Every structure is written in C-alpha cells, then in structure tokens.
There are 2 protein chains.
Amino acid sequence: MHPADTRTAILETSARLYADLGYSAVSMRDVASAMGMTPANLYHHFKNKDDLVHETVTHVFAEKTEPIAEMLEAESRDADRLDLFVHHFVRLLTGDRVFFRLLVRELVDGDEGRLGDLAHTVLERPFRLVSGLADIRQPEEERFLATVSMIGVILGHALLAPLLPHLPGGHAGFADPTSIANHISAALRHAAASDLETK
Amino acid sequence: MHPADTRTAILETSARLYADLGYSAVSMRDVASAMGMTPANLYHHFKNKDDLVHETVTHVFAEKTEPIAEMLEAESRDADRLDLFVHHFVRLLTGDRVFFRLLVRELVDGDEGRLGDLAHTVLERPFRLVSGLADIRQPEEERFLATVSMIGVILGHALLAPLLPHLPGGHAGFADPTSIANHISAALRHAAASDLETK
DNA sequence: GTCTATATTCCGATAGAC
DNA sequence: GTCTATCGGAATATAGAC
C-alpha cells in the first residue's frame, strides 16, 4: 500500500507533537512543517486529521506495550512478575513522555469507543496479571479495586512527577524511576503481608 | 471594577467547556456563544484568550479547594483527618469532573509557572497534611514518596474510572466514590500497620 | 508520492457606535 | 457593558500538475 517508511515517520513526528501540545493544538501544517513536507501531502497518507490522530495513538500504543506484555509472560514466579511489572510500568510511564502523555490524553478525552480500544490494547494484559496476583480469598469487588489501586498509584506517580519540585520538601531527584518502583514494590508487598495477617 | 456576576458566569461557562474539550479546542466564539453574547464582549472582561484560560483555572481551583482545606484543619485526630481527607478528595475528584479534568490538564500541559501555582493552590495543603501523618521514623525520601503514593492512588482511581467498564470483570458500579474511598482508607491503614510491624 | 494553488471556514483580536 | 463590523491570518481540506 503506502511505503512504510514515510508513513511511520509521519506517525512518530505527530506522536511527539500531539503528546506535547494536545491534538487540537497541533495543526496539519505543524505536522507537515516538522516533517519538511507540504500539508497536502499528509492527505495522501491519511484521510483527514481525525484519521491521523487515531492512527498515531494506535501506532504508539501497539509499539510500546508489546515488549512489556511479552516480558511479563516470560516470567513465571508470581512475586517476581509483580515486581517486574511495577518496574517496567514505572519506567515506561516516567521514561517515555510521549507514551505517557498520549495515554493520559486518551484517558481524559477519549470517547467510549477509544476508551474501549485503550483498555484492550494497553491495560487489559497488565490488569489481568495484577488481578491474578491479588488475594483470591477477597471478594470480587475488593480484588478489582486493589488492582485499580496498583495500576493507579503508578499512573499517579507519573502524573505528579513534574510537580514534585514545587511541593514542600520536594526536589526533582525524587522522580527517579528506580526509587519510585522500589517504593511501590515495597508498599505492595507490605499491603499483601498485611492482608494475610488480618484474615 | 467589573460586575462580578457576568464575569463569574463567563468563568463557569468556560470552565465547563475547557474541562470537556481542552483549552485549544474551545474558541472565544464557543464561549461567547454558550454565554449568549458576542465574542467582542469577552474582550471587555478578559484581556485575551490566555487570560481567560488562566483566570478560569484559578477561579475553579480556588473555589473547590478552600472548603476541603477548612474541613481538614477543623478535625484534630490524625487517623480521622487522613480518613476525612481520603473521602473528600475522592469525592472531589470523582464527583466534580470539571475540577478533575482541569487538574489533569494542568498537570499534563502546565509549564513551570502554572505547575507552581497548581502546587501552591491545590496540592500543598493536602500534601503537608498527608506528609505529617506519615511515619516520622522513615527517612525523608521514603516519607515523601509515601505521600506522593497516597495522593497519587486517588488521582489514579479518578483517571481510570471511565475505563473500568471496559476492563475484564469490571462494571461502572465499581466507580462508586464511597467504595473507592473506603478501599483506599483501608489500604492506607494496612500499610501503616505493616510499617509499624516491620520496624 | 509530492508539489502548487486555492476554496472555505474558523480563529483571535480590534475599532468604534450605542 | 454589549453590540456590529471587520481585519489579517490560520485552519482543514481538495483539485490537479509533475
């Protein structure tokens, strides 16, 4: 169909722009200009702006989430899998700002259809993994909320990271991915231990 | 100066539009049209679009965060304060989608200056409160990360809420604010208890 | 596959009457 | 304080040559 090179290059350029500025703030002219081409040429590769946005998001999510899912399914010990998941998910969210910002934009602005896509392509596999590690004796709602908390606390850290230097006692050094991942891993182990004791 | 009525009405209309669609997707014409007035008239009340956006965000944050800060400072028992904070913060983030969406947009898109404002007006008081309740024997970095986790997990829940119906085993009923707040409160109590035991 | 050229609509912002 | 009228430019998108 289209030569993969140009099309992919456009997707990666637009991904960076959309992530940084938001979909509606980035014009077709902006993307074309960043690519060193004419706006009209974009319409040869993509039907319209909505199409470019949708293809961009799909491309980024597919590209970034496949390796982490594979890695998770290669590890077999439950405790190690949770640890592995936390470290990789923290690193993905805090280290790849294009992926993270597009994810948050989809979470905030996505309609039902796009949220469904997002759930399926990005969050379903991690969700099943974490959910499978939760205490099976808990009632269903508790397990579900616990899973949302684990993924949510990582999202929350990534979202609050740029704010840390402005908070009392904070500085940018606290946003170090390894520190964050170790802290969350420890907290989750504590929570799991506490669950066992109180049952 | 300006009659407070019209100006405030504009701010609340633009807050709803900006929260739902994002700043750059909402034109001055859109705001004027929703107000039943002329775009030119907006420029009598606000210098330009940047000014309207900034005043809108400031207005919403000031209006929504004052009551919660007052409530927190009225309660004196630490355990109750944490519980109270969790319940009110969850209710604010999951119940007021205008406030929540503007908060996330500022966190994602805000430049250094706006992040500073945000930290000061919205998150500094809750942060000090939660931080003050953390185990004082922990090293500084641990206490700081624990505080970020507590606020972050609430943010994460609010961010993931629209996604829950699309996740395996999930339905919209799991987004009930009281359930979420109770779950987080319990998790934080467990974590605190676990901290005491392992020291 | 990329360009020039252009149609059409929309945008932020201002001047000036009432 | 709100309006009409309008400017200059930027937006999405298309037609058609190379």
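Reminder, nothing fancy here: chain letters follow the sequence lines and each chain counts from 1. Please read all numbers here as calculations on a predicted model, not as lab measurements.
Nearest heavy atom pair, residue Ala32(B) against residue Thr38(B), reads CB-C, 3.7 Å.
For the pair His44(A) and dT14(D), the criterion of a side-chain N or O lying under 4.0 Å from OP1 or OP2 is not met. The side chain of Thr38(B) places no N or O atom within less than 4.0 Å of a non-bridging phosphate oxygen (OP1 or OP2) of dA5(D).
Out of dA5(C), dC11(C), dT12(D), the shortest distance to the side chain of Ala40(A) is found at dA5(C). Residue Asp30(A) places its side chain closer to dA11(D) than to any other of dA11(D), dT14(C), dT12(D). For Asn41(A), the listed nucleotide lying nearest its side chain is dT2(C); candidates were dT14(D), dT2(C), dT2(D).
Taking 4.0 Å as the cut-off between side-chain N and carboxylate O, Arg16(A) and Glu12(A) do not count as a salt-bridged pair. By the 4.0 Å N-to-carboxylate-O rule, Arg97(B) lies close enough to Asp20(B) to be salt-bridged with it. The pair Asp109(A)-Arg114(A) fails the salt-bridge criterion, with no side-chain N (NZ, NE, NH1 or NH2) lying under 4.0 Å from an Asp/Glu carboxylate O.
For the pair Asp50(B) CG and dC11(C) C1', the computed distance is 14 Å after rounding to whole Å. Distance, Asp5(A) CG to dT2(C) P: 11 Å, rounded to whole Å. Rounding to whole angstrom units, OH of residue Tyr43(A) and P of dT14(D) are separated by 7 Å. To the nearest angstrom, P of dA13(D) lies 16 Å from NE2 of His45(A). Remark: C1' of dA11(D) and CG of Leu52(A) are 15 Å apart, rounded to the nearest angstrom. Atom CG in Asp51(A) sits about 12 Å away from atom P in dT14(D), given to the nearest Å. One interatomic measurement links the two molecules: NZ of Lys49(A) to P of dT14(D), which rounds to 15 Å at whole-angstrom precision. Atom CE of Met28(B) is separated from atom C1' of dT14(C) by 12 Å (rounded to the nearest Å).
Residue Arg29(A) places no side-chain atom within donor-acceptor reach of the base of dA10(D), judged by atom type and a 3.5 Å distance cut-off alone.
Within 4.0 Å of Ser27(A), counting heavy atoms only, lie sugar-phosphate atoms of the nucleic acid but no base atom.
The closest side-chain donor-acceptor pair between Glu112(A) and His166(B) falls under 3.5 angstrom.
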